[in-house]
Asker: 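Pasting a structure below so you can have a look.
Quick note: residue numbers are just sequence positions, from 1.
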Amino acid sequence: VHGEQIQKMASQTIKEFDAALQKIENIIAQGRASGSTVHHQQKTSAGPPPPPPPSLPTNLPTLSSSSQQQSNTGGSMSADLLNEINQGRDILKKLKPAGTTQVEHKEKPLNEVQKKETNKAAQPVVQKDPKRYLEKDTWKIENFIGDHSIVIEEQDISMRNAVQINDCQDCTVTINGKLKAIVLSNCKKVNVIFDKVVSNVECILCKKIQVLCRISCPSMNIDQCTDVRICLDQEKNCDLYSCNTNELNIAFRDESGDLAKDYSVPNQLVTKWNEDKKKFTTEPNLMFF
């Protein structure tokens with residue numbers, strides 16, 4: 001019923017529009033006829049000119065034949081639209097299902113990505129062969145797993161040699177004698193025991209490692225590591241530098257010769273304004289220690 005009312009209103013509007021258009025065309029025809037008559041009288045008689053022809057109303061629009069055709073087509077389009085609305089759910093019957101080629105084209109990239117991910121997950125991890133060799137002045141220990149008998153004797157190293165331990169897991173490395181430096185990189189569950197280091201010990205990207213210094217070590221650098229324990233057996237003069245490291249602890253022997261309680265290195269800092277120094281100062285946050 002509501003659709004029929006809308007259709008009647010639309011048809012009534014179109015009829016009123018056609019009547020207004022007919023009035024405008026009649027007025028234009030009358031104006032042209034009166035204009036030609038006045039022009040003919042001016043030529044034949046020398047008397048006073050007749051009054052000018054009546055002017056067109058300003059509130060009525062002037063439309064051409066093309067606009068009339070557009071209005072007719074607009075009326076037919078609105079009627080078609082109303083008919084489609086009145087169809088209700090039957091209009092869904094005109095919809096065409098998507099072709100199988102279009103669906104496959106959209107799903108193909110996602111399937112390719114899933115296949116690549118499954119192929120990567122299915123590939124087994126290739127275990128590299130363990131290596132221990134001397135390259136120039138650096139001893140390199142690589143890819144050892146579950147070996148707790150890795151030892152470098154004192155006669156095999158000197159103060160100009162360094163030891164680099166890479167990609168080892170669940171191992172113990174013992175270094176006897178004095179050497180230049182020690183570097184641990186990407187190791188997990190590795191214990192390193194050494195006598196004396198002249199330069200420094202550096203740990204990078206390691207997890208659950210323990211470093212035991214029997215005699216002395218001037219400094220240690222711990223970078224991006226987790227769960228690191230440093231044990232100082234004799235000398236405690238060791239500068240420890242840490243960056244992006246969690247669970248860093250230091251143990252040392254007390255006067256009785258026993259290992260004292262571990263000291264936890266704070267990994268949080270607090271910055272405050274110092275009124276005496278007139279500047280900001282940064283200190284470790286000891287709230288959780």
Asker: Ignoring hydrogens, what is the shortest heavy-atom contact between Thr245 and Cys243? Give both atom names and the distance.
Answerer: OG1-O, 3.0 Å
Asker: Got a second to check how far Ile157's CD1 is from Asp137's CG, nearest 0.5 Å?
Answerer: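 If we round to the nearest 0.5 Å, Ile157:CD1 and Asp137:CG are 12.5 Å apart.
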Asker: Counting N and O atoms only, with roles assigned by atom type, does the side chain of Asn274 sit under 3.5 Å from a partner on the main chain of Phe280, one being a donor and the other an acceptor?
Answerer: no
Asker: Would you please say whether a donor-acceptor pair under 3.5 Å links the side chains of Asp147 and Ser149?
Answerer: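 Yes - a donor-acceptor pair under 3.5 Å links their side chains.
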Asker: With Glu235 as reference, evaluate Ser216, Pro218, Cys217 under the side chain to side chain contact (heavy atoms under 4.5 Å, CB included) test and give the passing residue.
Answerer: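 For Glu235, the side chain to side chain contact (heavy atoms under 4.5 Å, CB included) check succeeds only for Ser216.
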Asker: Could you check Leu134, Leu179, Ile141 and say which one makes a side chain to side chain contact (heavy atoms under 4.5 Å, CB included) with Ile152?
Answerer: Ile141
Asker: Going through the distances and angles, do Ile250 and Val265 end up as a side-chain contact (heavy atoms from CB on, under 4.5 Å)?
Answerer: CA-CA 7 Å; Ile250 304 175; Val265 178; 3.8 Å; yes
Asker: For the residue pair Phe144 and Val173, establish whether any side-chain heavy-atom pair is separated by less than 4.5 Å.
Answerer: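 Not in contact.
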Asker: Is the shortest heavy-atom distance from the side chain of Ile193 to the side chain of Gln210 under 4.5 Å?
Answerer: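 When only atoms from C-beta onward are counted, Gln210 and Ile193 do not touch, as no gap falls below 4.5 Å.
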Asker: For Arg253, I'd like to know if atom CZ has over 12 heavy atoms of other residues, nucleotides or ligands within 6.0 Å.
Answerer: yes
Asker: Answer yes or no: is there a side-chain heavy-atom contact under 4.5 Å between Leu248 and Leu240?
Answerer: yes
Asker: Tell me whether Leu232 is reachable from Tyr263 by hopping between hydrophobic residues (I, L, V, M, F, W, Y) whose side-chain heavy atoms are closer than 4.5 Å.
Answerer: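 Result: yes, single cluster for both.
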Asker: Considering all heavy atoms of both residues, which atom of Asp262 and which atom of Ala251 are nearest to each other, and what is their separation?
Answerer: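 In terms of heavy atoms, the two residues are closest at OD1-CB, 3.2 Å.
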Asker: Roughly how far apart are Glu142 CD and Ile165 CD1, rounded to 0.5 Å?
Answerer: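 These two atoms lie 11.0 Å from each other.
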Asker: Work out which heavy atom in Lys180 is nearest to a heavy atom in Met159; give both atom names and the distance.
Answerer: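 Nearest pair, atom of Lys180 first, then Met159: CB-O, 3.1 Å.
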Asker: Picking from Cys168, Ser185, Cys225, what satisfies side chain to side chain contact (heavy atoms under 4.5 Å, CB included) with Cys206?
Answerer: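 One option only clears the test, and that one is Cys225.
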Asker: Using the side chain to side chain contact (heavy atoms under 4.5 Å, CB included) definition, which of the options Val151, Val190, Asn191 pairs with Thr172?
Answerer: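 Among the candidates, only Asn191 passes.
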Asker: Are side-chain heavy atoms of Lys140 and Gln164 found at a separation under 4.5 Å?
Answerer: yes
Asker: Verify the cluster assignment for Val198 and Trp139: are they in a single hydrophobic cluster under the rule of side-chain heavy atoms below 4.5 Å apart?
Answerer: no
Asker: Hey, is CD on Gln234 packed in by over 12 heavy atoms from elsewhere, all under 6.0 Å?
Answerer: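 Enclosed.
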Asker: Exactly one of Val211, Asn200, Asp239 should register a side chain to side chain contact (heavy atoms under 4.5 Å, CB included) with Met220. Which one does?
Answerer: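 Exactly one candidate clears the test, Val211.
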Asker: Can you measure from CD (Glu247) to CZ (Arg229) and round to the nearest 0.5 angstrom?
Answerer: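 Rounded to the nearest 0.5 Å, the CD-CZ separation comes out at 13.5 Å.
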Asker: Just checking, is any N or O donor in the side chain of Asn176 or Arg214 under 3.5 Å from an acceptor N or O on the other one?
Answerer: yes
Asker: Just so I know, are the side chains of Asp223 and Glu202 near enough to count as touching, which here means a heavy-atom distance under 4.5 Å?
Answerer: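 The answer is no; the side chains never approach within 4.5 Å.
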Asker: Calculate, to the nearest 0.5 Å, the distance between atoms NZ and NZ belonging to Lys189 and Lys208 respectively.
Answerer: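 Output value for this atom pair is 5.0 Å.
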Asker: Can you see which heavy atom on Ser158 is nearest to which on Asn161, and at what distance?
Answerer: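 For Ser158 and Asn161, the tightest heavy-atom pair comes out as N-OD1, 2.8 Å.
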Asker: With a 4.5 Å cut-off on side-chain heavy atoms, are Phe194 and Val201 touching?
Answerer: yes
Asker: For the atom pair NZ (Lys207) and CG (Asn186), what is the distance rounded to the nearest 0.5 Å?
Answerer: 9.0 Å
Asker: Write down the atom of Asp195, the atom of Cys213, and the distance for their closest heavy-atom approach.
Answerer: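 So the two residues come closest at O-SG, 4.1 Å.
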Asker: Identify the two heavy atoms, one from Asn249 and one from Ser264, that lie closest to each other, and give their separation to 0.1 Å.
Answerer: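 That closest heavy-atom pairing would be OD1-OG, 3.0 Å.
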Asker: Identify which one of Lys279, Lys278, Lys277 satisfies the side chain to side chain donor-acceptor pair (under 3.5 Å) criterion when paired with Glu275.
Answerer: Lys278
Asker: Rounded to the nearest 0.5 Å, what's the gap from CG on Asn246 to CD on Gln224? Could you check?
Answerer: 11.0 Å
